[in-house]
Protein chains: 2
Amino acid sequence: MDDATALRSAGLRVTAARLAILDSVRAGSHQDAERIARGVRSRVGHASTQAVYDGLHALSRAGLLRRIEPAGSPARYEVRVGDNHHHLVCRRCGEVADVDCTLGEIPCLEPSSDRGFVIDEAEVVFWGVCPRCQEEGASPDERG
Amino acid sequence: MDDATALRSAGLRVTAARLAILDSVRAGSHQDAERIARGVRSRVGHASTQAVYDGLHALSRAGLLRRIEPAGSPARYEVRVGDNHHHLVCRRCGEVADVDCTLGEIPCLEPSSDRGFVIDEAEVVFWGVCPRCQEEGASPDERG
DNA sequence: TCGTTTTTTTGAATAACTCAAGATAGTTTC
DNA sequence: GAAACTATCTTGAGTTATTCAAAAAAACGA
């Protein structure tokens with residue numbers, strides 16, 4: 001299914017801005033709204049920041065994009081939706097990488113007690129330091 | 001160990017504001033900075049917002065408080081530190097509840113691939129709807 | 001092609017913090 | 001206990017990421 005069809009079947013209109021958003025998000029990795037806006041502009045010439053925010057909301061609501069918000073960084077978006085994957089986040093530079101879930105199908109979806117909550121999602125974030133920052137951290141002139 | 005001693009052994013000075021912060025955080029459940037500031041003021045009469053932010057940072061850095069930032073709500077703080085517990089977050093009202101980790105000691109700390117990251121923490125958030133919001137959602141006049 | 005409804009633009013507003021400089025007050029030292 | 005040192009607090013401004021609102025423009029079904 002192409003993007004236009006996906007938009008339509010989600011009840012959304014097909015606009016240049018939204019196609020460009022999907023395209024931009026797909027081209028990068030866990031980008032934030034500003035970076036996506038730049039990608040959109042490079043594709044369609046002009047788009048207001050607000051249109052990008054609105055589009056990102058609409059597409060997330062429709063399930064065409066997934067929004068993640070790691071502590072300390074602005075919201076980021078990805079096209080990989082519907083599977084149960086999690087994220088590695090670098091404490092130093094904020095870089096985000098995907099990881100499949102370790103534990104089978106609907107894994108972490110079983111807390112020891114749900115305290116009466118009706119749970120629909122288990123979100124897992126692995127915090128650490130990415131390979132690049134490890135190298136930089138090892139060089140003397142970067143040390144605090 | 002009382003709070004004053006804990007502060008001192010963390011290399012921090014003992015001030016009325018910081019004692020009040022610890023006290024306030026302990027008294028509530030996963031409160032945000034503004035709510036904590038109110039608690040502090042009710043205890044010591046006056047404290048600037050900035051002093052509360054600074055105190056919360058210092059205490060978190062020192063390991064006396066834990067900071068969590070669920071997507072969509074401001075940072076929240078708790079005194080339960082050092083154990084490996086996770087959180088239930090209500091999608092509707094933002095309420096946060098603690099849950100012990102399901103899977104043993106250092107549980108989810110094993111992603112299927114670490115992609116070269118050096119991981120120090122696995123954060124798990126269970127998203128759902130809290131008991132109170134379930135009731136409200138069930139009543140006709142709340143329905144959308 | 002018309003009309004309806006969604007989307008986009010423009011411009012302002014907000015929440016939640018952060019930054020900076022000087023005043024104040026813990027703590028250590030004598 | 002007083003002085004000195006430096007962490008903490010106050011005050012006030014600044015920032016980032018995002019939301020709100022109203023009018024203009026563009027999709028799409030009829």
Side-chain angles (χ1 to χ4, degrees), chain A residues 2-22 24-25 30-41 43-62 64-65 67-77 93-94 96, chain B residues 2-22 24 30-41 43-62 64-65 67-77 94 96:
Chain A
D2 66 350
D3 288 343
T5 312
L7 282 166
R8 264 189 274 265
S9 37
L12 297 172
R13 291 185 178 172
V14 178
T15 69
R18 290 181 175 181
L19 292 173
I21 289 174
L22 285 169
S24 298
V25 173
H30 306 100
Q31 302 167 88
D32 62 21
E34 195 195 309
R35 224 157 136 43
I36 294 165
R38 271 188 267 133
V40 168
R41 286 178 195 125
R43 268 155 247 257
V44 296
H46 171 85
S48 70
T49 301
Q50 193 50 50
V52 175
Y53 273 101
D54 179 75
L56 289 170
H57 280 154
L59 294 171
S60 303
R61 233 180 291 122
L64 300 183
L65 290 181
R67 172 189 177 120
I68 60 171
E69 293 181 54
S73 57
R76 291 154 172 276
Y77 296 85
C93 69
V96 178
Chain B
D2 66 350
D3 287 342
T5 311
L7 282 165
R8 264 189 274 266
S9 37
L12 296 172
R13 291 183 178 173
V14 178
T15 69
R18 290 179 177 185
L19 292 173
I21 288 173
L22 286 169
S24 297
H30 307 100
Q31 302 168 88
D32 62 21
E34 195 195 309
R35 225 158 135 44
I36 294 166
R38 272 189 266 132
V40 168
R41 288 180 191 120
R43 268 155 249 254
V44 298
H46 170 85
S48 69
T49 302
Q50 193 50 50
V52 174
Y53 274 104
D54 178 75
L56 289 169
H57 281 155
L59 294 171
S60 302
R61 233 179 292 123
L64 300 184
L65 291 181
R67 171 188 177 120
I68 60 172
E69 293 181 54
S73 56
R76 290 155 173 275
Y77 296 85
V96 177

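Numbered from 1 within each chain, the chains take letters A, B, ... in sequence-line order. Below, all heavy atoms of this structure are taken into account, side chains as well, without hydrogens, waters or symmetry copies.
- Every side chain to side chain donor-acceptor pair (under 3.5 Å) that A:Thr49 has, sequence neighbours left out, goes to A:Arg41.
- Residue-level contact check: B:Ala58 touches neither bases nor backbone, having no heavy atom under 4.0 Å from any strand.
- Under the side-chain contact (heavy atoms from CB on, under 4.5 Å) criterion, B:Ala16 pairs with B:Val44, not counting sequence neighbours.
- For DNA chain C, the contact window with chain B, defined by any atom under 4.0 Å from a protein heavy atom, covers C:dA16 to C:dT27 in 5' to 3' order.
- Annotation: salt bridge (charged side-chain N to carboxylate O under 4.0 Å, His left out) contacts of A:Arg18 (sequence neighbours excluded): A:Asp54.
- Taking the side-chain contact (heavy atoms from CB on, under 4.5 Å) definition, one finds that B:Ala75 meets it with B:Arg67, B:Glu69, B:Tyr77, sequence neighbours left out.
- Nearest heavy atoms, B:Ile21 versus B:Gly55: CD1-CA, 3.8 Å.
- Close approach of DNA chain D to chain A, defined as any atom under 4.0 Å from a non-hydrogen atom of the protein, starts and stops at D:dA17 to D:dC28.
- With sequence neighbours excluded, no residue forms a side chain to side chain donor-acceptor pair (under 3.5 Å) with B:Ser9.
- Residues passing the side-chain contact (heavy atoms from CB on, under 4.5 Å) test with B:Ala33, sequence neighbours excluded: B:Tyr53, B:Leu56.
- Comparing A:Arg18 and B:Glu34 by the nucleotide of DNA chain C that holds the closest heavy atom to each, the one mapping nearer the 5' end is A:Arg18.
- Across all strands, A:Ala17 comes closer than 4.0 Å only to sugar-phosphate atoms, never to a base (heavy-atom distances).
- Rounded to 10°, the angle separating the first-five-pair axis and the last-five-pair axis of the helix from C:dT1-D:dA30 to C:dC30-D:dG1 equals 40°.
- Evaluation of the side-chain contact (heavy atoms from CB on, under 4.5 Å) rule for B:Arg35 yields B:Gln31, B:Asp32, B:Arg38 as partners, not counting sequence neighbours.
- Here the shortest heavy-atom pairing between B:Val14 and B:Ala4 reads CG2-O, 3.5 Å.
- Evaluation of the side chain to side chain donor-acceptor pair (under 3.5 Å) rule for A:Arg13 yields no partner, not counting sequence neighbours.
- At a threshold of 4.0 angstrom between heavy atoms, the contacts of B:Thr15 are confined to the sugar-phosphate backbone, with no base atom among them.
- Comparing B:Asp32 and B:Arg8, the nucleotide of DNA chain C nearest to each residue sits closer to the 5' end for B:Asp32.
- Not a single salt bridge (charged side-chain N to carboxylate O under 4.0 Å, His left out) links A:Arg8 to another residue, sequence neighbours left out.
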